[in-house]
**Q** 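Just passing along the structure, written as structure tokens.
All ligand and atom numbering here is 1-based and tracks the order in the structure. Residue numbers count from 1 along this sequence.
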Amino acid sequence: MIVCKFGGTSVANAEQIKKVANIVKSNPERKIVAVSAPGKRFGDDIKVTDLLIELADAALTNGDVSGKLQVVVDRFKEITEELGIDDSICDVIEKDLQERVALDKTNEFLFIDNIKASGEDNNAKLIAEYFNAIGLRAKYVSPKDKLILNDYPERTIALPEAYENLKDLGKGDEVIVFPGFFGYTREGILRTFDRGGSDITGSILAAAVKADLYENFTDVDCVFSANPKVVSNPVGISEITYREMRELSYSGFTVFHDEALMPVYKLGIPVTVKNTNNPSAPGTKIVPTRALTGRPVTGISADSGFSILYVSKYLMNREIGFGRKLLQIIEEENISYEHTPSGLDDISVVIRSKQITDEAEDRIVKRVKEELHADDVYFRHGLSLIVIVGEGMRNNTGLAARATSAISRTGANIEMINQGSSEVSLVFGVLQQTENQILRALYDEFFAPITVG
Ligand SMILES: Nc1ncnc2c1ncn2[C@@H]1O[C@H](COP(=O)(O)OP(=O)(O)O)[C@@H](O)[C@H]1O
Ligand SMILES: N[C@@H](CC(=O)OP(=O)(O)O)C(=O)O
């Protein structure tokens, strides 16, 4: 059995949904289809999820609820009309949105989740209806009582019972259309995953039914070795390991959500990233292991929005428990960290900036000074991480030197370097404004064709 996930761009309008139906029809193994909310139809279009967030904000601040609600309904109306299906589904969608907007707003976070999830939920209903209208027997299945999640405010994850509840999905005659991005707690409270989280739903479904393959359909022919929006015509990747993909997707390869790897990884289910607009292209296969080719680097990713906490103290290396106490202060602010490169007398903690408020920053600096008696403590913001990833890097000496000289040729400064102990990644912290320039320089260093001249 194959589980497929169709991203927002693949279900953005009627034309795209018709392509989805053709893809599903062309292989009877495609029994489970996870769908996102309608995404961007063109460059500066707005995703339905973003329209829904605006609607939720308006509902919380007594803004223009009816106008914003209508914009969402109109998106679905347009799709319904162009697909030529019964437009009564639009009344269902409108009523559903009105009910959600009227929900309890005591917990704003959960209220917003409820509104956001309607994009996927209503799109799944609409797509199931379209499949049936064209003779592809299909059934919408709600995540309610099936995709069980942990409780708010923990970071959203599926509980083990979700896999048990979903294990028989797809065993009947119909194609299952399942909304991505959300599930429910044991008490029936709706929660969403992080943005881009329909990839996670697809992976959970693939693991639950022990699928032979998880196909992730998007709008590019494959995963490229660098973001195609920054590097022109990057090399495509035909095969990549889970570990490489995890490193790259956490740090900028938005094409596949990093949390979506875990459920399939545990069972060794292969994943392919394919293009809805060009389904015959082979795509990228994500696999447990792969033969190492000549090229040591598989991909280079870049992501902005990082901060670094620098701490220095003379003889830090002799002080038992210094690192633990420092990380505990960060933990007590409910902040997670990405990397902790260190020297003899200094340590840096790399954190996603969106987690740090001004107040938390002041408290951390004060506590590190007073409780750990550090000589120097400060935060730097506005940083990007550039991550060079490749299974082949382990056996390749001189790679770090090549990377640092390529960066230095751009004139940019390196704020932090970290090599993961798995040795499949090399991380550079740089100033945000130098990110694209460095990414292109590193791409040229490791991927540009060698010209003899
Ligand atoms: N290394 C990469 N390879 C392919 N696509 C990438 C890469 N890095 C970023 N992207 C972007 O990811 C986009 C696809 O992801 P996303 O927008 O989430 O699609 P979907 O709507 O299918 O979920 C591509 O259009 C591309 O711009
Ligand atoms: N619609 C949600 C979930 C998702 O996965 O969307 P997409 O497939 O468009 O990345 C979002 O925008 O975050």
Side-chain angles (χ1 to χ4, degrees), residues 4-13 16-17 19-20 23 33-43 45-54 72 75 112-113 115-124 156 178-183 191-204 215-238 240 244-245 247-260 272-279 281 283-284 286 297-304 386-389 436 439 443 447:
C4 348
K5 176 258 172 175
F6 290 90
T9 48
S10 302
V11 289
N13 58 22
Q16 292 302 94
I17 293 173
K19 291 180 191 168
V20 169
I23 291 168
V33 176
V35 295
S36 286
K40 289 187 180 194
R41 297 159 292 184
F42 42 86
D45 194 15
I46 306 177
K47 292 175 96 171
V48 163
T49 308
D50 291 306
L51 294 174
L52 289 164
I53 293 170
E54 284 180 26
V72 177
R75 276 292 297 269
I112 297 172
D113 272 7
I115 305 279
K116 271 195 290 189
S118 72
E120 270 67 16
D121 205 25
N122 288 320
N123 211 24
T156 313
F178 198 96
F181 194 37
F182 71 98
R191 299 191 66 193
T192 62
F193 293 111
D194 278 352
R195 293 301 303 270
S198 298
D199 289 345
I200 307 173
T201 305
S203 181
I204 291 168
E215 290 179 323
N216 196 283
F217 281 91
T218 181
D219 65 344
V220 280
D221 275 353
C222 57
V223 178
F224 294 105
S225 47
N227 185 345
K229 290 197 174 123
V230 182
V231 171
S232 56
N233 295 318
V235 173
I237 301 171
S238 57
I240 186 168
E244 289 173 319
M245 194 63 215
E247 296 268 357
L248 290 164
S249 53
Y250 124 89
S251 55
F253 277 26
T254 50
V255 63
F256 193 68
H257 199 292
D258 64 333
E259 286 177 52
T272 33
V273 175
K274 285 178 73 82
N275 192 351
T276 298
N277 306 314
N278 185 16
T284 299
I286 309 172
V297 175
T298 303
I300 309 174
S301 56
D303 200 7
S304 57
I386 311 251
V387 187
I388 304 178
V389 176
N436 287 351
L439 178 59
Y443 182 83
F447 289 94

**Q** Do Val255 and Thr284 come within less than 4.5 Å of each other through their side chains, counting heavy atoms only?
**A**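 The answer is no, as the side chains (C-beta and beyond) never meet within the 4.5 Å cut-off.
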**Q** Measuring from atom CG of Asn13 to atom CZ of Arg41, what distance do you get when rounded to the nearest 0.5 angstrom?
**A**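 Answer rounded to 0.5 Å: 7.0 Å.
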**Q** Side chains of Phe193 and Ile204: closer than 4.5 Å at any heavy-atom pair?
**A** yes
**Q** Side chain or backbone, does Gly8 bring an N or O within less than 3.5 Å of an N or O on ligand 1?
**A** yes
**Q** Around atom 18 (O) of ligand 1, find the nearest protein heavy atom and jot down its residue, atom name and distance.
**A**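 Atom 18 (O) of ligand 1 sits closest to the protein heavy atom Thr254 O, 3.8 Å.
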**Q** For ligand 1, which atoms sit closer than 4.0 Å to a heavy atom of Cys222?
**A** 4 (C)
**Q** Heavy atoms under 4.0 Å from ligand 2: which residues qualify?
**A**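 For ligand 2, the contacting residues are Lys5, Gly7, Gly8, Ser36, Lys47, Thr49, Glu120, Phe181, Arg195, Gly196, Gly197, Ser198.
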**Q** Which ligand 1 atoms, with their elements, are less than 4.0 angstrom from a heavy-atom of Phe224?
**A**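 Heavy-atom distances to Phe224 below 4.0 Å select 1 (N), 2 (C), 3 (N), 4 (C).
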**Q** Relative to the heavy atoms of Ala226, which atoms of ligand 1 are at a distance of less than 4.0 Å?
**A** 1 (N)
**Q** Return yes if a side-chain donor-acceptor contact under 3.5 Å exists between Thr192 and Asp113, otherwise no.
**A** yes
**Q** Are Ser225 and ligand 1 in contact, using a heavy-atom cut-off of under 4.0 Å?
**A**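 No, Ser225 has no heavy atoms under 4.0 Å from ligand 1.
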**Q** Check whether any heavy atom of Lys5 sits under 4.0 Å from an atom of ligand 1.
**A**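 Heavy atoms of Lys5 do come under 4.0 Å of ligand 1.
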**Q** Taking the side chain as C-beta and beyond, is there a heavy-atom pair between Glu247 and Thr298 under 4.5 Å?
**A**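 They are not in contact (no side-chain heavy atoms under 4.5 Å apart), so the answer is no.
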**Q** Within a strict 4.5 Å, meaning less than it, do heavy atoms of the Tyr443 and Ser225 side chains meet?
**A** yes
**Q** Residues two or more places apart in sequence or in another chain: which of them pass salt bridge (charged side-chain N to carboxylate O under 4.0 Å, His left out) with Glu244?
**A**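 Residues passing salt bridge (charged side-chain N to carboxylate O under 4.0 Å, His left out) with Glu244: Arg290.
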**Q** Can you find a pair of side-chain heavy atoms, one from Phe217 and one from Val20, that are under 4.5 Å apart?
**A**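 They are not in contact (no side-chain heavy atoms under 4.5 Å apart), so the answer is no.
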**Q** For ligand 1, which atoms, with element, lie under 4.0 Å from some heavy atom of Asp219?
**A**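 Those qualifying, in numeric order: 13 (C), 14 (C), 24 (C), 25 (O).
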**Q** Going by the order shown, which atoms of ligand 1 are within less than 4.0 Å of some heavy atom of Thr218?
**A**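 Once the distances to Thr218 are compared, the set is 14 (C), 15 (O), 19 (O), 20 (P), 22 (O).
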**Q** Indicate yes or no for a side-chain donor-acceptor contact from Asn122 to the backbone of Ser118 under 3.5 Å, with no hydrogens or angles considered.
**A** yes
**Q** Record the part of Lys229 in heavy-atom contact with ligand 1 below 4.0 Å; permitted values are side chain, backbone, both and neither.
**A**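 Contact part for Lys229 vs ligand 1: side chain (C-beta onward).
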**Q** Around atom 5 (N) of ligand 1, find the nearest protein heavy atom and jot down its residue, atom name and distance.
**A**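 Among all protein heavy atoms, the one nearest atom 5 (N) of ligand 1 is Val255 CB, 3.6 Å.
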**Q** Do the non-hydrogen side-chain atoms of Glu120 and Thr49 ever get within less than 4.5 Å of each other?
**A**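 Counting from C-beta outward, Glu120 and Thr49 do come under 4.5 Å.
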**Q** Would you mind reporting whether Leu52 and Val48 have side-chain heavy atoms less than 4.5 Å apart?
**A** yes
**Q** Which residue in the set Asn278, Asn277, Asn275, Thr276 passes side chain to side chain donor-acceptor pair (under 3.5 Å) when paired with Lys19?
**A** Asn277
**Q** Of the choices Ala302, Pro228, Gly39, Ser301, which has the non-hydrogen atom that lies closest to atom 2 (C) of ligand 1?
**A**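 Considering heavy atoms of Ala302, Pro228, Gly39, Ser301, the nearest to atom 2 (C) of ligand 1 sits in Pro228.
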**Q** Counting from 1, what ligand 1 atoms have a heavy atom of Thr9 closer than 4.0 Å?
**A** 20 (P), 21 (O), 22 (O)
**Q** Are any non-hydrogen side-chain atoms of Lys5 and Asn216 less than 4.5 angstrom apart?
**A**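 Yes, close enough: below the 4.5 Å cut-off.
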**Q** Under a 4.0 angstrom heavy-atom cut-off, which atoms of ligand 1 come close to Phe253?
**A**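 Numbered from 1, ligand 1 contributes 1 (N), 8 (N).
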